[in-house]
Amino acid sequence: MPFVEGQRRFDSKIELRDSVLFRHQLLDNAKGVKLKTARRKPAEDFLSTSVVVLEEMREEYADWIGQQTEGLSEGTTKKVEVSFRNGLRTFILRQYKIARINSLNPEDHLDVPGLIAGYSLDFAKVFHGTRKLGIKSEMAAEIAAQSSYHRPGVLIGLVSKYRNLPPGIIHEAIKHPLRNPGEYLTNFTIALSRLLNNPRYEDFGRRLVMVAIKGYIDPEDFLNKAIAAIDRISSDPRYAGFSLAEIRYVVIENTKNPETTLDRLIVGKKRFLEDPRFEILAPSTIKKTLRTNPRNPENTLLALVDAINAILVNKKYQGLTKSAIEIIISRHPKDYIDYLDKLISSRNRLLRNSRYADFPSSIIDRAIFNHPNSPEKFLDGLIRSRDTLLQDRRYRGVNPSTIIRVLTHSPKNYRNLLNNYVATVKRLSGNFRYQDISEGFIRKFVLSHLGNAEKAFEKFVQIRAKLLSDPRYAKLGISNIEKIVFGSANPDERSQEVNRTTKRLLLDPHYKNIPLGIINKAVIDYSNPEKFLEAYMTKKRQSSKDQILRGFPENAKEDSGLGNNDTDSSEDMSVIAEELIDLWDYMQNHEGMQARAIGKGLLTDDELKELTEFFEGEGEVPTGAVLDRFSLAVAKLA
């Protein structure tokens, strides 16, 4: 086995090329070699010497290194650096061990600068080559680090050939030196196709099936055991608050004893959801944290709350939804600022682009989240596919936003999903058993359960019927009960909670004049109903004020004593409008004042009706004389 003696610098491209070719020869010679553990201290001493050489070379080739990381954020650059160093360490250590196996002195026969230069060039080639194929920078660096085992052509070729697989699976295939990555990925693809086409495993979905193939020698046996566990747990009333999807994830992650995990999640979820410190967090975030960080969920959630609150008050990130911020910080707890900066920059750019004017911000955010390097390419593909489908007579009448939803849900299988959506909506809408459920709601439900809508809809109908027949929920109404069943893991518990909260708000004098329908909406649709109601009252007050200001010049101010008649200052009129709204609120909040005003002759029935219709937003501005009598009546009765 050839080794180059001595240490040298690279004065020409020819020497660099020779270094790369020599490195490839080393890789070829190391294939199939099962390495024994070398003596630890000599190996570590040699690596320490290599680190010194690396730092000297980094200074010498700083310009070239800067070119390779150009355009990357600081956080991403650090991650690339870690992957680079890990791969280089592995490569040099392997060559050291091979030299010892061949009874050679590594210090005399290994050209450390040559090894570093060859690895660095190959790392850069793989890194940029895989990024061009759509791989995210961090994963591209992880794949490039496997240059310690493989030539760059092999790595880039595998990513290109198996681009339908997640990069993590490709990384799994190439990170073991004794594994044939092409054979592994071919067998993986065959197994994936076989299992996805088996109706028995259709509920698991692509991601969970891949977890089974990756982690188990016999994925069918694993999935069969998982199905038995899911059936057992889903019929257990203790776990009625978990969706089937949540149960599947827990079973896949802990097939041996999923009940223990679920019991812990129930206790933790109840504790944290009732804790006001975490009210800003989505329940899904709390549940995920409990599942992924069982040892110290509280500190993790507190840090998340602090980070979200800091971002929400930062004007730089206005326009991003709380959920988007929450997702970013949850995914990248250490360097979320870099991701948020990139996200807000891309988002602003895309929202200003007239080509994407028809897309809701949620789709723009999805493009940035899932395709950070090329969101425009993703959105342009959606536009082309959407326009093609809208011209297809099979999808006539399907809302364009529905088509976009299906396209984003499954970019490679959208036609099958869309056909299934159209057929399922038609079957459910035509079923006499569901005739009291609107087609609009059926469309919404099917769209949210692509792939298994009919089974889920049958369960929805049963729970809906149960709640509608329960006298405790009679005041909620059909549409509100449908919302609760549609959006809650435990509809009965949620309905009781809605009743309790609604009753509390109705008894609160502050919300006395808000209709029941608005209070129900606040409780059902918003995690903080009080905040919604305050915003509602502010908006309604502003609406009344604007209406008064619009009507004053024509029929009120000139014959009213409420303001100075010799001025039409908008500021003066605004003050008058505020006074009128305050007077009406005062009358409404003091029981019997309206009746006393009529009984004492301060207002007539018609005048009170006119005032009520106006302040409720359903009538014109009363005349100045009526407004004068109204303000005088309140003053006398106060």
Novice: Does anything in residues 281-312 form a ring pair (Phe, Tyr, Trp, His ring centres under 6.0 Å)? List the pairs, not counting sequence neighbours.
Specialist: none
Novice: Begin from the C-alpha positions of Lys503 and Asp508 and carry the test salt bridge (charged side-chain N to carboxylate O under 4.0 Å, His left out) through to its verdict.
Specialist: CA-CA 9 Å; Lys503 184 178 180 180; Asp508 190 330; over 6 Å; no
Novice: Answer yes or no: is there a side-chain heavy-atom contact under 4.5 Å between Leu351 and Tyr356?
Specialist: no
Novice: Judged by modelled atom types alone, do Asp492 and Gln496 share a side-chain donor-acceptor pair under 3.5 Å?
Specialist: yes
Novice: Mind listing the closest non-hydrogen atom pair of Val251 and Pro258 along with its distance?
Specialist: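 Looking at all heavy atoms of both residues, the closest pair is CG2-CB, 4.0 Å.
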Novice: Where the side chain of Ser469 meets the backbone of Ala465, is there a donor-acceptor pair that is under 3.5 Å apart?
Specialist: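 Looks like yes, one N/O pair under 3.5 Å.
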Novice: Is the shortest heavy-atom distance from the side chain of Tyr339 to the side chain of Ile329 under 4.5 Å?
Specialist: no
Novice: By side chain to side chain contact (heavy atoms under 4.5 Å, CB included), which residues pair with Asp306, not counting sequence neighbours?
Specialist: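 For Asp306, no residue satisfies side chain to side chain contact (heavy atoms under 4.5 Å, CB included) once neighbours in sequence are set aside.
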Novice: Apply side chain to side chain contact (heavy atoms under 4.5 Å, CB included) to the pair Leu418 and Tyr395, showing each step before the final yes or no.
Specialist: CA-CA 8 Å; Leu418 197 56; Tyr395 312 123; 3.8 Å; yes
Novice: Once ring pair (Phe, Tyr, Trp, His ring centres under 6.0 Å) is applied, do any residues pair with Tyr434, and if so which ones, sequence neighbours excluded?
Specialist: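 Tyr434 satisfies ring pair (Phe, Tyr, Trp, His ring centres under 6.0 Å) with Phe457 only.
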Novice: At their closest point, which heavy atom of Tyr414 faces which heavy atom of Ser385, and how far apart are they?
Specialist: OH-OG, 4.1 Å
Novice: May I ask you to decide if Arg472's main-chain N or O and Asn499's side chain share a donor-acceptor pair within less than 3.5 Å?
Specialist: yes
Novice: With sequence neighbours excluded, give me every ring pair (Phe, Tyr, Trp, His ring centres under 6.0 Å) pair touching residues 265-291.
Specialist: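 Residue pairs passing ring pair (Phe, Tyr, Trp, His ring centres under 6.0 Å), neighbours aside: Phe272-Phe278.
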Novice: Measuring from atom CG of Asp436 to atom CG of Leu468, what distance do you get when rounded to the nearest 0.5 angstrom?
Specialist: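 If I round to the nearest 0.5 Å, the distance is 8.0 Å.
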Novice: Are any side-chain N or O atoms of Thr285 and backbone N or O atoms of Leu281, one a donor and one an acceptor, separated by less than 3.5 Å?
Specialist: no
Novice: Residues two or more places apart in sequence or in another chain: which of them pass side-chain hydrogen bond (donor to acceptor under 3.5 Å, both in side chains) with Asp605?
Specialist: none
Novice: Out of curiosity, Arg238 CZ to Asp263 CG, how far, rounded to the nearest 0.5 Å?
Specialist: 5.5 Å
Novice: Could you tell me which non-hydrogen atom of Arg494 sits nearest to which non-hydrogen atom of Ile524, and how far apart they are?
Specialist: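 Smallest heavy-atom distance, with atoms named: NH2-O, 3.4 Å.
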Novice: Could you tell me which residues satisfy side chain to side chain contact (heavy atoms under 4.5 Å, CB included) with Leu382, sequence neighbours excluded, listed by chain and number?
Specialist: Phe359, Ile363, Phe378, Leu379, Ile404, Leu407, Thr408
Novice: Can you name the closest pair of heavy atoms from Pro529 and Thr501 and give their distance?
Specialist: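 For Pro529 and Thr501, the tightest heavy-atom pair comes out as CG-CG2, 4.2 Å.
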Novice: In Å, rounded to the nearest 0.5 Å, how long is the span from CD1 of Ile481 to CD1 of Ile463?
Specialist: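 Rounded to the nearest 0.5 Å, the CD1-CD1 separation comes to 12.0 Å.
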Novice: Checking side chain to side chain contact (heavy atoms under 4.5 Å, CB included) for the pair Glu482/Val485: CA distance, chi angles, key distance, verdict?
Specialist: CA-CA 5 Å; Glu482 287 179 346; Val485 179; 5.9 Å; no
Novice: What residues form a ring pair (Phe, Tyr, Trp, His ring centres under 6.0 Å) with Phe441, not counting sequence neighbours?
Specialist: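 Checked Phe441 against ring pair (Phe, Tyr, Trp, His ring centres under 6.0 Å); matches are Phe460, Phe486.
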Novice: So do the side chains of Tyr239 and Ser234 get within less than 4.5 Å of each other, counting heavy atoms only?
Specialist: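 Not touching, per the 4.5 Å side-chain cut-off.
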Novice: If you apply the rule salt bridge (charged side-chain N to carboxylate O under 4.0 Å, His left out), what do you find for Glu376 with Arg349, and how did you get there?
Specialist: CA-CA 10 Å; Glu376 286 91 348; Arg349 183 183 74 248; 2.7 Å; yes
Novice: So Arg396 and Leu390, side chain to side chain contact (heavy atoms under 4.5 Å, CB included) or not? Walk me through it.
Specialist: CA-CA 7 Å; Arg396 191 172 297 158; Leu390 285 173; over 6 Å; no
Novice: Does the distance from a Lys or Arg side-chain N to an Asp or Glu carboxylate O, for Glu279 and Lys531, drop under 4.0 Å?
Specialist: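 Looking at Glu279 and Lys531, the cut-off is not met.
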Novice: Between Ile437 and Phe445, is there a side-chain heavy-atom distance shorter than 4.5 Å?
Specialist: no
Novice: Can you sort out the partners of Val425 under side chain to side chain contact (heavy atoms under 4.5 Å, CB included), two or more places apart, ordered by chain and number?
Specialist: Tyr421, Ser429, Glu439, Arg443, Val446
Novice: Roughly how far, to the nearest 0.5 Å, is the CG atom of Asn528 from the CD1 atom of Ile280?
Specialist: 10.0 Å
Novice: Do NZ/NE/NH1/NH2 and the carboxylate oxygens of Asp275 and Lys270 come within less than 4.0 Å?
Specialist: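 No salt bridge links Asp275 with Lys270.
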Novice: Are Ile337 and His332 close enough that some pair of their side-chain heavy atoms sits under 4.5 Å apart?
Specialist: no
Novice: Are Thr604 and Ile598 side-chain neighbours, meaning at least one heavy-atom pair lies under 4.5 Å?
Specialist: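 Side-chain contact under 4.5 Å: no.
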Novice: Can you tell me how far CD of Gln462 sits from CG of Leu467, rounded to the nearest 0.5 angstrom?
Specialist: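 Rounded to the nearest 0.5 Å, the CG-CD separation comes out at 12.0 Å.
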Novice: What I'd like to find out is whether the side chain of Ile478 reaches to under 4.5 Å of the side chain of Arg464, using heavy atoms alone.
Specialist: yes
Novice: Do other residues, nucleotides or ligands put more than 12 heavy atoms under 6.0 Å from Glu493 CD?
Specialist: no
Novice: Which heavy atom of Leu290 sits nearest to which heavy atom of Lys269, and what is that distance?
Specialist: CD1-N, 3.4 Å
Novice: Suppose we screen for side-chain hydrogen bond (donor to acceptor under 3.5 Å, both in side chains). Which residues come up paired with Ser495, at least two apart in sequence or across chains?
Specialist: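 side-chain hydrogen bond (donor to acceptor under 3.5 Å, both in side chains) check on Ser495 returns nothing, list empty.
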Novice: Can you pull the ring pair (Phe, Tyr, Trp, His ring centres under 6.0 Å) pairs that have at least one residue in residues 289-326, sequence neighbours excluded?
Specialist: none
Novice: Just verifying a value: how many Å separate His449 NE2 and Lys459 NZ, rounded to the nearest 0.5 Å?
Specialist: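 Result: 9.5 Å between the selected atoms.
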Novice: Decide if atom NZ of Lys322 counts as having more than 12 heavy atoms of other residues, nucleotides or ligands within a radius under 6.0 Å.
Specialist: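 Above 12, so yes.
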Novice: Taking the basic N atoms (NZ, or NE/NH1/NH2) and the acidic carboxylate oxygens, is any pair closer than 4.0 Å for Asp380 and Arg355?
Specialist: yes
Novice: For Arg433, check side chain to side chain contact (heavy atoms under 4.5 Å, CB included) against everything at least two apart and list the hits.
Specialist: Asn431, Glu458
Novice: Could you go through the side-chain hydrogen bond (donor to acceptor under 3.5 Å, both in side chains) check for Asn399 and Ser401 one step at a time?
Specialist: CA-CA 5 Å; Asn399 194 299; Ser401 63; 2.7 Å; yes
Novice: Can you list the steps and then say if Glu298 with Arg277 is a salt bridge (charged side-chain N to carboxylate O under 4.0 Å, His left out)?
Specialist: CA-CA 10 Å; Glu298 184 165 344; Arg277 295 177 298 168; 2.9 Å; yes
Novice: Who pairs with Glu534 by side-chain hydrogen bond (donor to acceptor under 3.5 Å, both in side chains), at least two apart in sequence or on another chain?
Specialist: His510, Tyr511
Novice: Are the charged groups of Arg500 and Glu497 less than 4.0 angstrom apart, N to O?
Specialist: no
Novice: Which atom pair, heavy atoms only, marks the closest approach of Leu343 to Ile368?
Specialist: CD1-CG2, 2.8 Å
